[in-house]
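Read the structure below first, then the notes.
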Amino acid sequence: MTRNRWLLVAAAALAVVLVVGLAIPSWRHKVFPSGGESSPSAAPTPDSESLFLPGSDPSPADFELTDPAEVSSEPLTVSLTSAEGATHTEGAVGLSFDSRELASPMWDSADSNLTLTLRELDRPALRFGGNGVDRHMWWTSSDEPAPAWAEVTVTPDDLARVAAVADEVDAQVTIDLDLGHDDPVRAADMAAHAQEAFGDRLLAVAIGNEPNGFFHENQPQLAVRDKNWGPEAYQKSLTEYSSALEAAAPGLPVSGPGAYDATWWRAFTESGIPNQRALSMHWYPLWDCKGPASSIANPTVEDLTSPALREQAQHILGMGADVAAESDLPLWMEETGPTSCPGTNDTSRTHAQALWTVDYAMTAAELGVERMAFHSTLQACDGGAPMSPICARGTLDGPGQIVEGRTSYLALMMMGDLPDGKVLASSTSGDGKVVVHGVIGDSGELALVVIDLRDPDVVKDAAALSVSSPSGLSSDAPSAWTLAEGSLLSGTALTAQQSTLIPLSPVSGALADAELAPAKPLTITSAPGSVTLLHLDPVDATS
């Protein structure tokens, strides 16, 4: 998870190049931090060559933290530990889309900035599934007429266009196959064409999306099976589909079940089908759409930023990790987001969502989740899915092909600046409102991710944290580090509709070149309502 920004930024011009993407010269497109237009005196830049990232600062000054000497409260204590088998950060986070989006004209289009925008996430995970795959998407490789139930037709040409974008942004891809219409041969044909289009970028296919939701008496509009459907029937379907896959695409890896239910997790892992690649689960933590005040899963900013939600994530994801470990499989979170409640609610598009995104992703990585995709849409920002990290700038009826990133997109961009390396187990004293996560890079660098869930509209004082040197490192790991760069994701209030992202820049002020060593804890500070990413360079033992 790095955009090759580990070296110190030498000049503002270089910072601009790094922010907008190394693969395209900076003069080819312009960043509009607030979605504005280019200067009247400058030649207009096509929207397809522009980034629309409200709140992003493409050319920051030096990064400066509050001096710990100015904080009167006792520092919180932070410990970090390297554990065997820890999650690796490379390509760990990204976006999930409904399979109907495979047919979007935005993919590999000269009239769209989608590729340019996705590149900001740094080798993102891309997943295509959602409710549409089993209910509304029609696959054909022979130009057959679509049935009446189909809302979208997906063809090999569509897969090729998406694959071209995956190549451009260096993404790894997973695709769900239609289980809802019980057509193993057609699904296997789609899998074979996906394998051809994506090659090694196709990590796995999944047989159906959320099979546990194929029949619910309280959701008849989503039913694709009758009341006899259950884990045993699902296992039978897995066997039939697996046989078709082996005939059409031998050896193609399969993940599953993409469900929130341990019974269904085990139905997949114990199905006996070959080529099982990963245990996948879905989870939306704020599911209690009209819950009582005592619930911790209401779609409110208060519940979204409560330490209790992190504890619930540790419990639920921990159960998934246990089932995955039983079957010697990695754990993937193939679809997630703040809430499954429909429509706009208090958490929609807020700065709180950005803070939660980083904390949740880092917590999941500590628990062993190797891949996490936040559910998204290419619908219009105005009237489309309010929780999506990305959206189109046009109207609901005519979204167009130009996209912009919301607050949670800035959070995912920030995570792209983590070094490739192992996630450290972490522990922070206090009430859980301020926590620190860590990553030890493959080249010895250390990254600290400080999450501060306090409301900046209420709390004004910085918090101090005393970070001890990581334990459990290998014998060839660095013994000391110096603070080199910092990045900040902030907002005026948890309920604010915009976040501000200051990308990595050299640390200045009282903490410039501050050292962390086994006998020398590093004291840093955190502002309320922020995520602070700090890069520490290893000290050369020979210097």
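Values in this document were obtained by computation on a predicted structure and should not be read as measured data.
For the pair R393 and F52, the cation-pi test (distance below 6.0 Å, angle within 45°) is passed.
Classification of D442 and K422 as a salt-bridged pair fails, no side-chain N sitting under 4.0 Å from a carboxylate O. Between R127 and D176, at least one side-chain N (NZ, or NE/NH1/NH2) sits under 4.0 Å from a carboxylate O, which counts as a salt bridge. A salt bridge between D455 and K460 is absent, with no side-chain N of the basic residue lying under 4.0 Å from a carboxylate O of the acidic one.
With F128 as the fixed residue, the side chain to side chain contact (heavy atoms under 4.5 Å, CB included) test singles out one of L159, T174, V154, V173: V173. Just one residue in the list Y284, W283, Y360 forms a side-chain hydrogen bond (donor to acceptor under 3.5 Å, both in side chains) with T336, and that residue is Y360. Put simply, the residue from L355, L304, D457 that forms a side chain to side chain contact (heavy atoms under 4.5 Å, CB included) with L494 is L355.
Under the side-chain hydrogen bond (donor to acceptor under 3.5 Å, both in side chains) criterion, S526 pairs with D452, not counting sequence neighbours. Listed by chain and number, the residues in a side-chain hydrogen bond (donor to acceptor under 3.5 Å, both in side chains) with H437 are D359, E366 (sequence neighbours excluded).
Applying the disulfide bond (SG atoms under 2.5 Å apart) test to every pair with at least one member in residues 332-390, sequence neighbours left out, gives these pairs: C289-C341, C381-C391.
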Requested in this report: Assess whether salt bridge (Lys or Arg N to Asp or Glu O under 4.0 Å) is satisfied between R123 and D420, documenting all intermediate values.
Outcome: CA-CA 11 Å; R123 296 166 294 173; D420 291 347; 2.8 Å; yes
### Query
Given R100 and D98, is the salt bridge (Lys or Arg N to Asp or Glu O under 4.0 Å) satisfied, shown in steps?
CA-CA 5 Å; R100 287 170 287 188; D98 192 281; 2.9 Å; yes
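Counting heavy atoms from C-beta on, the side chains of E334 and R371 come closer than 4.5 Å.
For E302, the CD atom is loosely surrounded, since the number of other residues' heavy atoms within 6.0 Å does not exceed 12.
The heavy-atom pair separating R454 from A527 by the smallest distance is NH2-C, 4.2 Å.
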